[in-house]
Amino acid sequence: MTSPDVSFVVTAHNAQGQLRACVGSLLGQEEASGNLETEVIVVDNCSADLSGTIADELAAAHPAVRTLRLREAQLPGLAREAGARLARGRFLLFLDGGDELAPGSLEALGARLAEAGEPDVLLFDHAQVDWREGLLPAGDSGRLARAGSALEPLARRPWLLHTTRTLANRLIRREFHLARRDVFEHDGPDEALAAHGSLLAAADIGCLDRACVLRHEPPGVRLPPVSAERYFALFDGYERLTAYAVDPVARTTLFDLMVRHYLGVIAGEALPRSADRARFFHRAAADFARHRPSGYRRPEGLVGIRHALLEHDTYAGYPALQQANRGRRRLLGAAATAKRSAGRRADGLLYQVRSKAPLDPNLAVFSAYWDRGVTCNPAAISDRLAELAPHVRQVWTVRRAGRALVPPGTTVVSPGERRYWDALARATYFVNNVNFPDCLVKRPGQIHVQTHHGTPLKRMGVDQLAYPATSRGVDYDALLARCARWDYSVSANRHSSEVWERAYPVGFTSLDHGSPRNDVYYRATADDVLSARARLGLEPGTTAVLYAPTHRDHESGWTPRIDLARFARTLGPGFKVLVRGHYFYDRGASPLSALHREGAIIDVSDHDSVEELALASDALVTDYSSLMFDYANLNRPVLVFADDWETYAATRGVYFDITEQAPGVVARTQDELQEALLSGQWQGAEAAARLDRFRERFCEFDDGRAAERVVRRVFLGESSLPPVMPVALRTPAPTPAEAERTTARIPGPRTRPSPASH
């Protein structure tokens, strides 16, 4: 095989939400570049999420991608070097799993290399991308432009040491990398040593004044914690770098950067133990004395005072300086804090007072759909929690208007009550399918589980920013502040896991355990199916079609897009149409009331369990509702009515084209929908094949034991969980026809499956 020109070494640790975009940006530019061949080496740094699986999928689909799985999580430098040993390219570019190559960059780099030849290092600019997709320039552009096009050693341009200390902003010639392994293999707590060392050791350096890499801020803490000893390794690292800095100006520049690095470690939270900070300070003071260049003048201001303390090895004065500075900041913020406190209501003050009490380790607070009732994924988890961990007391927050529908025996509090504030203040566990209110301040030791309420087809979170129909007026800073309380995010499939991490960049652990509310689709019996049909008044042999459309953000109200009277009349007496309006349209007069009274349809919008409706039906008709992903678990026909798909996709934003990846028949008009049902196409081989593909992708973790896995992992702290059964081996609840064949008795009232609502 011919050697590529550039080897991209991508280290990924818990980067499932961004890894596909990263590798995609690298693969999508080779043809356009015209003159550079590339390869991609993805190093899975012992990820706890699906990063390794995604890397394997990318390698299977693209010959230019190879993967390396590390069995133990390594610091970034060691993971980079493991990938570099597999590289075959003339140049190396080290990236993180959240980085992307900016469009046109490979072509620009190829042109610069053709002009410059074979520099040891080719520096370029980069930009930081925040969750608003805004570009924050790294600030290196001026230095790179000043360098011009010549290839020169660092001694001629020592100010290049001030470029951002990362390896993601430079191509490194592989032979140079091999010859200077001592520079790159030494792994400090960050990339500073390798970044500085690559410039100090290079015989010639080229520059390109262009932002070639876009760096996405990783959500939360991606990497394993850095031990104190790794910070102490900085001393040996800078000792080696100083030996490379033979030029006096470069040596002075390196000294200044070294001291600032040391002071940053001392001032930050890297060394929480005071004994470690003192020991680090004294070592740093020794380095200051040993490497101080002649004629060195310390900077002015507070930084200069810190330099002076280090110069004289006066650690006793450093904590006092830090304390005084913190006091000044506290005074500056006191007025604002007092102003906020003055407006607090009595219930908020009660919450503050109760927040001083110890947490109750056996108290869990549940909520769903903004306190609408006991429903959805939280209800399914609640049921299993009562069985597996009865010592955990459960409290549900439910609006006063919804308390009458709460199952008997449920402990309920309503927003604003004293017991509500007490529960929020003292509970250890919080489970919700949306966010708890802003007033909830997460205390140390509290654990939040976000279950979500469906697989995302439409854009969610910060991915909505480009779609003003849904993002206008949304305070995304406040949204992400609420999401930052999440410890766990429950997922039904890999698609969801990747979307949640990207759409809510706050840092959490993905629980790839399945959607708990879908457990009932594998646990329900023939009697459960027939009982559900009996409660709806469905006669044996009737084909029940559940029509459940989603809402549209660009429409203020709801008018069914199907002429339901004509729909029911055309299908005839052998069919019965169940219509469930979206819960966003639960206020005002329903367009279904008259049709329900006339018997044309059955309006099930207020039915408290969408799972029961699914069990009772023979097929689902929907447009873009997430119900289709859940319903697919039943392995029953799903028809997609996509009459306004282009408008919906353009206004709401979607993650994929449902008309191309539908779970069954796709109808663009009502006549097509009716014909599909009357002709039997809805049950045909093509529709079944589509459903099989859809189930493999989107019912991935749903096997009837999702709630159990969540309870065992979160509440019982178990690490060995029931494995997920492959889709092909699962047996969902029987269809109505199967249920009627297996039982001859008339079903009576039974305990309902766990309620949920869409």
Side-chain angles (χ1 to χ4, degrees), residues 14-25 28 49 54 96-105 126-138 211 213-220 222 370 432-438 448 450 452-486 489 491 494-508 510 550-556 582 584 623-626 629 644-658:
N14 295 346
Q16 64 183 9
Q18 297 168 330
L19 186 56
R20 288 189 197 274
C22 170
V23 176
S25 74
D49 64 4
I54 294 169
D96 179 75
D99 298 335
E100 293 182 31
L101 195 64
S105 295
H126 70 285
Q128 197 79 24
V129 184
D130 65 11
W131 56 264
R132 295 181 179 86
E133 295 301 314
L135 297 180
L136 307 175
V213 169
L214 306 178
R215 312 212 75 183
H216 292 262
E217 191 67 28
R222 283 196 187 281
W370 302 277
N432 207 333
N433 67 354
V434 291
N435 272 312
F436 283 93
D438 291 347
H448 283 242
Q450 170 58 245
H452 307 282
H453 49 279
T455 290
L457 168 62
K458 60 188 179 185
R459 296 272 173 169
M460 302 294 290
V462 300
D463 287 347
Q464 295 175 251
L465 279 166
Y467 301 91
T470 59
S471 63
R472 185 184 295 113
V474 176
D475 185 342
Y476 282 96
D477 290 300
L479 170 65
L480 293 183
R482 292 189 290 271
C483 298
R485 297 181 299 216
W486 302 351
S489 168
S491 181
R494 277 177 286 181
H495 163 75
S496 296
S497 301
E498 294 179 41
V499 167
W500 299 143
E501 183 170 313
R502 186 172 62 252
Y504 302 107
V506 294
F508 48 76
S510 181
T550 191
H551 77 289
R552 283 151 178 77
D553 299 271
H554 57 284
E555 296 179 356
S556 57
H582 194 275
F584 276 9
D623 40 25
Y624 323 118
S625 170
S626 65
F629 299 94
D644 66 337
W645 169 248
E646 288 75 17
T647 300
Y648 184 86
T651 55
R652 185 58 173 86
V654 294
Y655 288 109
F656 61 91
D657 188 340
I658 192 60

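Just so it is clear, the values below take in all heavy atoms, side chains as well, and ignore hydrogens, waters and symmetry mates.
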Please examine the side chains of Arg459 and Leu465, heavy atoms only from C-beta on, and report whether any two atoms are closer than 4.5 Å.
-> no

Is a side-chain donor or acceptor of Tyr655 paired with a backbone partner of Met460 at a separation under 3.5 angstrom?
-> yes

All heavy atoms of Val506 vs all of Ala484, minimum pair found to be CB-CA, 3.8 Å

What distance separates His448 NE2 from Arg482 CZ, expressed to the nearest 0.5 Å?
-> 13.0 Å

Give the minimum heavy-atom separation between Tyr648 and His551, together with the two atoms involved.
-> CE1-O, 3.9 Å

Is the Phe508-Trp500 ring centre distance short of 6.0 angstrom?
-> no

Electrostatic pair Arg502:Asp463 at N-O distance under 4.0 angstrom | yes

Rounded to the nearest 0.5 Å, how far does CD of Glu100 lie from CZ of Arg215?
-> 12.0 Å

Would you say the side chain of Val213 lies within less than 4.5 Å of the side chain of Ser105, judging by non-hydrogen atoms?
-> no

Side chains of Asp99 and Leu214: closer than 4.5 Å at any heavy-atom pair?
-> no

Over 60° means perpendicular and under 30° means parallel, so classify the ring planes of Phe656 and His495, tilted if in between.
-> perpendicular

Which value, rounded to the nearest 0.5 Å, describes the distance between Arg652 atom CZ and Tyr624 atom OH?
-> 13.5 Å

Provide the closest heavy-atom pair for Tyr504 versus Cys483 in the form atom of the first, atom of the second, distance.
-> CD2-SG, 3.7 Å

To the nearest 0.5 Å, atom OG of Ser510 lies from atom CD of Glu498 at 10.0 Å

So which of Leu19, Asp49, Asn14 actually passes side-chain contact (heavy atoms from CB on, under 4.5 Å) with Glu501?
-> Asp49

Sidechain-backbone polar pair: Arg552 side chain, Thr550 backbone, donor-acceptor under 3.5 Å | yes

Please round to the nearest 0.5 Å and tell me the distance separating atom CG of Leu457 and atom CG of Asp623.
-> 9.5 Å

Distance (rounded to the nearest 0.5 Å) between Ser626 OG and His452 NE2 | 12.0 Å

Within a strict 4.5 Å, meaning less than it, do heavy atoms of the Leu479 and Asn435 side chains meet?
-> yes

